[in-house]
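Both ligands and their constituent atoms are indexed starting at 1 by order of listing. None of the values given here were measured: they were computed from a predicted structure.
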Amino acid sequence: MTQSRIMMGTVVDMRVYGKSAEKAMEQAYAKIQEIENRMSVNLEGSEISQINKAAGLNPVKVSTETIAVLQKAIEFAQLTNGAFDPTIGPLVSAWGISTDHPRVPTVIEIDYLTDLINWQDVEIKAEENQVSLARPGMAIDLGAIAKGYAADEAVAVLRANGVESAFVNLGGNVYVIGAKPDNSPWRIGIRDPFAQEANSFVGVISATDTSVVTSGTYERYFVKNGVTYHHILDPKTGYPAESDLASVTIISPESIVADAVSTSTFLIGKEAGKALIESLPNVEAVLVDKDRNVWVSSGIRNQFEIAEGFALDETR
Ligand code: ADP
Ligand code: MG
């Protein structure tokens, strides 16, 4: 059974097999909607919007799941020395990322806004489920991690309903349950970041029971006066991050980790990214650099088939 719905600012596809497919899918979509209602910056009443409105004023009580996702984001802010930063909100708004009217902010705006970005100014009182932002104007944005969390939760709902084979895709954030109904592994194509067409690939991963998440500059961007501006921002400069990577794909049974690591690796670049990936348990990767070299982590090499026109980078 297959369905497609617009949620979390993207297309959420589910292909679910088995007797309970219909009911399971309905519940999984409902769970994603609940997460969006809590964590979206685009919904007035969401928990994240409430935290943002109270910035510099008072703490806000939120759900345990919002606290957990925020804590995971802060963990990656620490691991990347602040390259990944969930308080990126003011810059995301100024650039109009993912809106119908993106724009290049003025230098003065950028200068002012970069001062507002600092994950260390998020205070979490986990026992009371309270979050506060130290300074007015600060804002949390969980866009780099919330879809991964939603994928994990949707998959948990499907599994709790007895589903043993499924393919879930939240706008490029993929999770596969079990194998395909014919028992062969799922095959997930990694998009060629240099190609205009969406059906051109760097290679294919064969996988079961895992998440496959890609971050790249071709997903969301706009062009102004011949310059391309993408949606992953450098908190230090206030501009789209300049990376030596064209795309980062992370494979992990925890989609929240895959989502955080893919954005983080893009931000910190190839060498630091490899070190981050190798330091984390159950995290594998396919990195495509700007010179079309494809680096595949050791744990996934025999599940990856490279496409013609790309060179395998054999260094460890
Ligand atoms: P996508 O949403 O296209 O799957 P990512 O998971 O890489 O891509 O997340 C990009 C989103 O993360 C941006 O649209 C923005 O909301 C947010 N973001 C941008 N820059 C940063 C950053 N430096 N740290 C944390 N989040 C960021
Ligand atoms: Mg991400």
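Residue contact check: Thr263 has heavy atoms under 4.0 Å from atoms 5 (P), 6 (O), 7 (O), 9 (O) of ligand 1. Close approach of ligand 1 to Arg220 (heavy-atom distance below 4.0 Å) involves ligand atoms 3 (O). Proximity to Leu267 (heavy-atom distance under 4.0 Å) selects the following atoms of ligand 1: 22 (C), 23 (N). Within ligand 1, the atoms closer than 4.0 Å to a non-hydrogen atom of Asp85 are 22 (C), 24 (N), 25 (C), numbered from 1 in the order shown.
Residues Ser206 and Gln303 bring no donor and acceptor atom of their side chains to less than 3.5 Å of each other. Checking Ser211 against Glu254 by side-chain atom types alone, no donor-acceptor pair falls below 3.5 Å. Arg15 and Thr2 share no donor-acceptor pair across their side chains, judged by distance under 3.5 Å alone.
Looking at ligand 1, you'll find an N or O of His231 within less than 3.5 Å of one of its N or O atoms. Between Ser215 and ligand 1, a contact under 3.5 Å exists for at least one N or O pair. When only interatomic distances are considered, the shortest N/O to N/O separation between Phe84 and ligand 1 does not fall below 3.5 Å. For ligand 1, none of its N or O atoms has an N or O atom of Ser262 under 3.5 Å away. Taking only nitrogen or oxygen atoms, main chain and side chain alike, Lys147 reaches within less than 3.5 Å of ligand 1. In terms of polar-atom proximity, defined here as any N/O pair under 3.5 Å, Ile232 makes no such contact with ligand 1.
Once rounded to the nearest 0.5 Å, the distance linking CD1 of Ile88 with NE2 of His231 reads 11.5 Å. Once rounded to the nearest 0.5 Å, the distance linking CD of Glu44 with OG of Ser49 reads 6.5 Å. Here the CZ-NE2 distance, from Phe222 to His230, works out to 11.0 Å after rounding to the nearest 0.5 Å. Taken from OG1 in Thr66 to NZ in Lys61, the straight-line distance is 12.0 Å, to the nearest 0.5 Å.
With respect to atom 16 (O) of ligand 1, the closest heavy atom belonging to the protein is Asp141 OD1, 3.0 Å. The protein atom (non-hydrogen) at minimum distance from atom 18 (N) of ligand 1 is Ile88 CG2, 3.9 Å. Regarding atom 20 (N) of ligand 1, its nearest protein heavy-atom neighbour is Leu233 N, 3.0 Å.
Comparing Ala144, Gly82, Gly172 by heavy-atom distance to atom 12 (O) of ligand 1, the nearest is Ala144. Nearest residue to atom 11 (C) of ligand 1 from Gly148, Gly143, Gly89, Ala73 is Gly143 (criterion: closest heavy atom).
The Mg ion (ligand 2) sits nearest to atom OD1 when only the N, O or S atoms of Asp259 are considered.
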Apply side-chain hydrogen bond (donor to acceptor under 3.5 Å, both in side chains) to residues Asn58 and Ser132 and explain how you reach the verdict. CA-CA 6 Å; Asn58 54 278; Ser132 50; over 6 Å; no
Would you check, one step at a time, whether the test side-chain hydrogen bond (donor to acceptor under 3.5 Å, both in side chains) holds for Asn161 with Gln27? CA-CA 9 Å; Asn161 277 281; Gln27 287 179 20; 3.1 Å; yes
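Residue contact annotation: Ala144 places an N/O/S atom under 2.8 Å from the Mg ion (ligand 2). Metal site remark for the Mg ion (ligand 2): Thr263 contributes an N, O or S atom at a distance under 2.8 Å.
Residues Tyr239 and Tyr221 fall into different hydrophobic clusters, defined by Ile, Leu, Val, Met, Phe, Trp and Tyr side chains chained together at heavy-atom separations under 4.5 Å.
Other residues, nucleotides and ligands place no more than 12 heavy atoms under 6.0 Å from the CG atom of Asp100. Residue-environment remark: CD (Glu164) stays at or below the threshold of 12 foreign heavy atoms within 6.0 Å.
Using a 4.0 angstrom heavy-atom cutoff, Gly171 does not count as in contact with ligand 1.
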